[in-house]
Novice: 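Sharing a structure with you now.
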Amino acid sequence: MSQPSNEPSFRESVDLMFNRAVRLMDLRPGLEEKIRVCNATYTVRFGVRLRGEIKTFTGYRSVHSEHMEPVKGGIRFSLGVNQDEVEALAALMTYKCALVEAPFGGSKGGLCVDPREYEEHEMEMITRRFAYELIKRDLINPAQNVPAPDMGTGEREMAWIADQYKRMHTTDINGAACVTGKPINAGGIQGRTEATGRGVQYALRAFFRDDEGVKKANMKGTLDGKRVIVQGLGNVGYHAAKFLSEEDGAPVVCVIEYNGAIWNDDGIDIEELKQYITEHGTPEGFSGGQFFEHGENLLERECDILIPAALEGVINLSNANRIKAKLIIEAANGPVTAGADEILRDKKTVIIPDMYANAGGVTVSYFEWVKNLSHIRFGRMQRRQEESRHQLIVDELERISRDTSINWTLSPDFKEKYLKGAGEMELVRSGLDDTMRLAYDSMAQVWHGREDVTDLRTAAYLTAIGKVAASYHAKGL
Ligand code: GLU
């Protein structure tokens, strides 16, 4: 979906939303400007010999705010990458990390490349070369700048980057912490791949626990039975759709991809659809629903929850008026433009903003970074000790029941669940759930507590900017 040209750029859109929020704050003179601007953006052009010729690639790493270091944010591989986009995304990372209390400044990187055009070994050469350029300038470094996956990148690229760093810093004992989102066997953490989608699920659960918020969205009840439209079945959209439909009873009635959409009133089997798309490259021909060639129009259909999980700017001045969802949760970064945001606010559509909605990724990245620095997997010390203490209680209860001939037994299901100590996956999910709940509560307090704040995005900005300002204050700025 193309964005109308009368709209501001992505970075301007983020700035407009920022400005709207700071007008309601009492920041010291000049601090507003200091927080808003991007500190630095590094542009690199490098050549790689491929298929008998030298191809030149352009990449960026933008550092928005260094109020805390390292700075953090993904690296995106896409032909649409440009400086404006990378800077907007870096700014969002600053606010996102502040909101969920991940102790990082904000950064983002991007490389103009279509990964589908290259073989695996070619992508490895391109990624390593880009990483080399960033590593030698400390724009990848465990203490200074820690990238992660984003659109077009995943575990594989992160493993190459980590390895490249280790080749260039052979004695850095904390080298694995130079990048997150790595595969488990290269220092990754359980639950990182699903983290952003899982975070969307936890964010929605937090929203539906907030009666006042649910009322503001003109909705009732819980997530159970809410009809969902998802745009984009990439890593984030796929996991969010899968968890919501399989675990929360929220049927996903529509999945929109760039090359067509599927609609099924009874709910789509997400696992089957994902497999079909992986095999055929398109949703066309999938038997579990009706196919539509022009998927973007389906964004405007009746539903309870709309989850844009693909590109920025997909809900803009050209379609915002026709959006019928009561609740939009921004799984992607920047899917709603500043202009569309205003229209939707007037329509009383509730938007759970990107900086909160998709913060699950960086939250689990934070856990991975801590794991790498502590050189031990979460749960390794406590798990069996926890299990043996639980076993003690179960044995004692069973003894009492036998000795006093009280006729009861523990159900096998309870016993199995209670006796199992928490491994890394359980601890990561618990930490993510806690983070999403606390961050939601801090936003909701502002949303419901201040008369001049009528939407969650402004509440999120106020909360995040307040934390960044406090951190500058502590440094004497
Ligand atoms: N690329 C993800 C984001 O936009 C993750 C960033 C990270 O884990 O550092 O939030």
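As the structure lists them, so they are numbered: ligands from 1, and atoms in each ligand from 1.
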Novice: Are any of the side-chain heavy atoms of Arg198 and Val364 separated by less than 4.5 Å?
Specialist: no

Novice: Within the supplied structure, the quantity of interest is the number of heavy atoms (other residues, nucleotides, ligands) at a distance under 6.0 Å from Glu122 CD; does it exceed 12?
Specialist: yes

Novice: Heavy-atom distances under 4.0 Å decide this one: backbone, side chain, both or neither, for Arg192 against ligand 1?
Specialist: side chain

Novice: Under a 4.0 angstrom heavy-atom cut-off, which atoms of ligand 1 come close to Met93?
Specialist: 3 (C), 4 (O), 6 (C), 10 (O)

Novice: Going by side chain to side chain donor-acceptor pair (under 3.5 Å), Ser107 matches just one of Glu66, Arg61, Glu69, Gln144. Which one?
Specialist: Arg61

Novice: With heavy-atom distances below 4.0 Å as the criterion, list the atoms of ligand 1 near Gly73.
Specialist: 9 (O)

Novice: Report the relative orientation of the aromatic rings in His280 and Tyr276; use parallel for angles under 30°, tilted for 30 to 60°, perpendicular for over 60°.
Specialist: parallel

Novice: For ligand 1, which atoms have a heavy atom of Gly361 less than 4.0 angstrom away?
Specialist: 8 (O)

Novice: For Val362, counting its heavy atoms only, list the atoms of ligand 1 lying under 4.0 Å from any of them.
Specialist: 7 (C), 8 (O), 9 (O)

Novice: Heavy-atom pairs closer than 4.0 Å: do any link ligand 1 to the side chain of Asn333, the backbone, both, or neither?
Specialist: side chain

Novice: Suppose we call two aromatic rings close when their centres sit under 6.0 Å apart. Are Phe46 and Tyr132 close by that rule?
Specialist: no

Novice: Could you list the atoms of ligand 1 found under 4.0 angstrom from a heavy atom of Gly74?
Specialist: 1 (N), 6 (C)

Novice: Give me the nearest non-hydrogen protein atom to atom 1 (N) of ligand 1 as residue plus atom name, then the distance to 0.1 Å.
Specialist: Asp150 OD1, 2.7 Å

Novice: In terms of ring plane angle, is the pair Phe104 and Trp369 parallel, tilted or perpendicular, where the classes change at 30° and 60°?
Specialist: perpendicular

Novice: Using heavy-atom distances, let me know which of Lys96, Met158, Lys72, Glu368 sits nearest atom 9 (O) of ligand 1.
Specialist: Lys72

Novice: What part of Pro149, side chain from CB on, backbone N/CA/C/O, both or neither, has a heavy atom under 4.0 Å from ligand 1?
Specialist: backbone

Novice: Could you tell me how the ring of His169 sits relative to the ring of Tyr165: parallel (under 30°), tilted (30 to 60°) or perpendicular (over 60°)?
Specialist: parallel

Novice: For atom 7 (C) of ligand 1, what is the nearest protein heavy atom, given as residue, atom name and distance?
Specialist: Ala148 CB, 3.2 Å

Novice: Check if Arg76 has a non-hydrogen atom at a distance under 4.0 Å from any atom of ligand 1.
Specialist: no

Novice: Is it the case that Arg437 places NZ or CZ above or below the six-membered ring of Tyr202, under 6.0 angstrom from the centre and within 45 degrees of the axis?
Specialist: no

Novice: Do any nitrogen or oxygen atoms of Ser365 lie less than 3.5 angstrom from nitrogen or oxygen atoms of ligand 1?
Specialist: yes

Novice: Checking a contact table here: which protein heavy atom is nearest atom 4 (O) of ligand 1, and how many Å away?
Specialist: Lys108 NZ, 2.8 Å

Novice: Strictly below 4.0 Å, N to O, side chains only: are Lys326 and Asp304 in salt-bridge contact?
Specialist: yes

